[in-house]
Amino acid sequence: EISACLVGSEMCIRDSPESLLSLRATASAWWEYYDYRNTGSSPVATRKFRPGISPRLYLTYHPVAPSTFTLSADWEYRTGDILDLLTAPVQTDYLSSSTRTGLIADSRTLSGFIAYKFQKPIEMFFFNASLNASRRHSNLIAGQEITTGSVNTVAFAIPNDADLVSASLSATKQIRPIRTKLTLAASGSWNRSVTVQNSDAVTYFGRSYTISPAVNARPWSWIEVDYSGDIGRTFSRFPGNRSSYFVQTHRLSMSVYPIEGLELRALADLSGRELAEGVTKRMTLADLRVRYRFRRFRLTVEVNNIFDTRHYDYTIFDGINRHTASYSLRGREFLLTLSFTK
């Protein structure tokens with residue numbers, strides 16, 4: 001037995017009581033007219049029409065009760081704004097300025113997404129997998145000119161393409177007898193893009209892989225433990241350079257309730273980041289809190305930054321550019337708080 005329904009732009013087909021195929025298609029279309037004249041440092045005058053369309057296809061399939069497949073495809077068309085026409089530098093804050101080409105930016109992106117979901121609520125097991133791919137074409141490339149006292153964002157009129165492929169897996173299992181939830185996730189990505197170095201277009205390739213475990217456990221009513229972590233490596237390649245960087249972060253918290261009204265809580269944040277090849281910055285932050293509630297009063301004793309960590313460093317990777325920042329942290333801190341609630 002096969003039944004079908006069509007409502008607006010959505011079509012549903014059911015070939016059995018358990019399975020269902022749903023297909024939805026939408027599209028946005030428009031016509032743009034530009035008439036502008038720029039008399040700045042780079043005079044530009046243009047008058048033109050330009051059409052645009054952004055269709056989308058979305059499909060969902062339930063072959064059997066625990067499983068669901070999702071597939072979507074998008075064609076997105078975007079144009080810039082009036083700021084693209086400015087060719088004189090514009091100060092955005094006390095350290096940053098922006099300079100444009102005087103041309104309206106436009107980009108076209110084709111993307112596809114497929115996902116699989118498996119759920120067994122009675123057994124408390126969940127699994128998700130997804131794959132995403134996209135290609136973006138643009139007529140402009142954004143870049144940065146960094147000096148000791150300023151950061152200037154500039155745009156170059158260079159047509160370019162960018163590709164991105166990413167995938168992820170995630171599995172979650174809850175163990176009811178010991179009130180514990182276990183999660184293991186993995187993700188990876190590959191990208192190719194064009195960036196600017198010393199006013200020249202450079203093709204950049206990047207890869208990254210990350211594993212993310214998580215545990216939430218409360219085996220007894222008087223204790224609770226939470227852990228989450230990310231362990232990953234990033235690879236980059238462009239003409240004349242190959243590099244890889246390792247990053248790991250771990251967050252752990254534990255609460256103990258020995259008697260009614262009393263809570264002992266410890267938190268720790270551990271991280272290790274490669275600021276450059278062979279140079280790793282490791283950091284440990286830890287806090288301890290004791291809280292006691294009696295009647296309408298709450299007494300709290302806290303020790304923050306137990307190990308007296310004074311500096312925090314991190315690195316941002318942006319294509320071929322790498323920016324490292326260092327912050328000073330507040331040292332070890334002791335707090336005693338007494339509060340009253342009506």
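The shown structure was predicted, so the numbers you read here are calculated from the model rather than taken from an experiment.
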Would you find more than 12 non-hydrogen atoms of other residues, nucleotides or ligands less than 6.0 Å from [X] atom [atom1]?
| X | atom1 | answer |
| --- | --- | --- |
| M254 | CE | no |
| E260 | CD | no |
| R50 | CZ | yes |
| K281 | NZ | yes |
| F235 | CZ | yes |
| I211 | CD1 | no |

Are [X] and [Y] linked, directly or through other ILVMFWY residues, by side chains that come within less than 4.5 angstrom of each other?
| X | Y | value |
| --- | --- | --- |
| I223 | Y292 | yes |
| F340 | L338 | yes |
| L336 | L264 | yes |
| L131 | L59 | yes |
| V303 | L299 | no |

Working for side-chain contact (heavy atoms from CB on, under 4.5 Å), residues R47 and Y33: CA-CA 8 Å; R47 180 178 296 175; Y33 172 67; 3.1 Å; yes
Would you say the side-chain atoms of [X] pair up with the backbone N or O of [Y], donor to acceptor, closer than 3.5 Å?
| X | Y | result |
| --- | --- | --- |
| Q248 | G272 | no |
| Q91 | S96 | yes |
| R179 | R218 | yes |
| N139 | I104 | yes |

Check against side-chain contact (heavy atoms from CB on, under 4.5 Å), W30 and S54: CA-CA 9 Å; W30 63 91; S54 293; 3.4 Å; yes
Please name the pair of heavy atoms, one in [X] and one in [Y], separated by the smallest distance, quoted to 0.1 Å.
| X | Y | result |
| --- | --- | --- |
| N305 | R330 | ND2-O, 2.9 Å |
| V194 | D161 | CG2-O, 3.9 Å |
| G331 | R310 | CA-NE, 3.5 Å |
| R233 | S244 | NH1-OG, 3.1 Å |
| F118 | S67 | CD1-OG, 3.5 Å |
| Y77 | G52 | CD2-CA, 4.1 Å |

Do [X] and [Y] come close enough that some side-chain heavy atom pair is under 4.5 Å?
| X | Y | value |
| --- | --- | --- |
| L57 | L23 | yes |
| S134 | F113 | no |
| Y58 | T70 | yes |
| T337 | R291 | no |
| I175 | L182 | yes |
| L140 | D106 | no |

Residue pair D74, T109: steps toward the side-chain contact (heavy atoms from CB on, under 4.5 Å) verdict: CA-CA 8 Å; D74 297 81; T109 304; over 6 Å; no
Validation: residues 162-173 side-chain donor-acceptor distances under 3.5 Å, sequence neighbours left out:
from, atom 1, to, atom 2, distance (Å)
D163, OD1, R135, NE, 2.6
D163, OD1, R135, NH2, 3.3
D163, OD2, R135, NH2, 2.9
D163, OD2, R192, NE, 3.0
D163, OD2, R192, NH2, 2.9
S168, OG, S130, OG, 2.7
T172, OG1, T183, OG1, 3.3
K173, NZ, E123, O, 2.6

CD on E224 to CZ on R265, rounded to 0.5 Å: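 R265 CZ to E224 CD: 7.5 Å, rounded to 0.5 Å.
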Distance in Å, T68 OG1 paired with K117 NZ, rounded so as to fall on 0.5 Å steps: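 With rounding to 0.5 Å, OG1 (T68) is 6.5 Å from NZ (K117).
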Test: R289 and E263 ion pair at under 4.0 Å: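 So R289 pairs with E263 through a salt bridge.
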Worked check of side chain to side chain donor-acceptor pair (under 3.5 Å) between Y209 and R207: CA-CA 7 Å; Y209 307 98; R207 290 180 292 130; 3.2 Å; yes
F127 ring center near F125 ring center (under 6.0 Å):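 When the ring centroids of F127 and F125 are compared, they turn out to be at least 6.0 Å apart.
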Distance alone, cut at 3.5 Å: any donor-acceptor contact between the side chains of [X] and [Y]?
| X | Y | result |
| --- | --- | --- |
| S189 | S208 | yes |
| T341 | R296 | no |
| Y204 | S236 | no |

Partners passing salt bridge (Lys or Arg N to Asp or Glu O under 4.0 Å) against D230 (at least two apart in sequence or in another chain):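 Salt bridge (Lys or Arg N to Asp or Glu O under 4.0 Å) list for D230, sorted by chain: R251.
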Step-by-step side-chain contact (heavy atoms from CB on, under 4.5 Å) determination, I231 to H250: CA-CA 8 Å; I231 305 169; H250 304 275; 4.0 Å; yes
Result of checking L252, T284, L285 against L270 for side-chain contact (heavy atoms from CB on, under 4.5 Å):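 That would be T284; it is the only one of L252, T284, L285 passing the side-chain contact (heavy atoms from CB on, under 4.5 Å) with L270.
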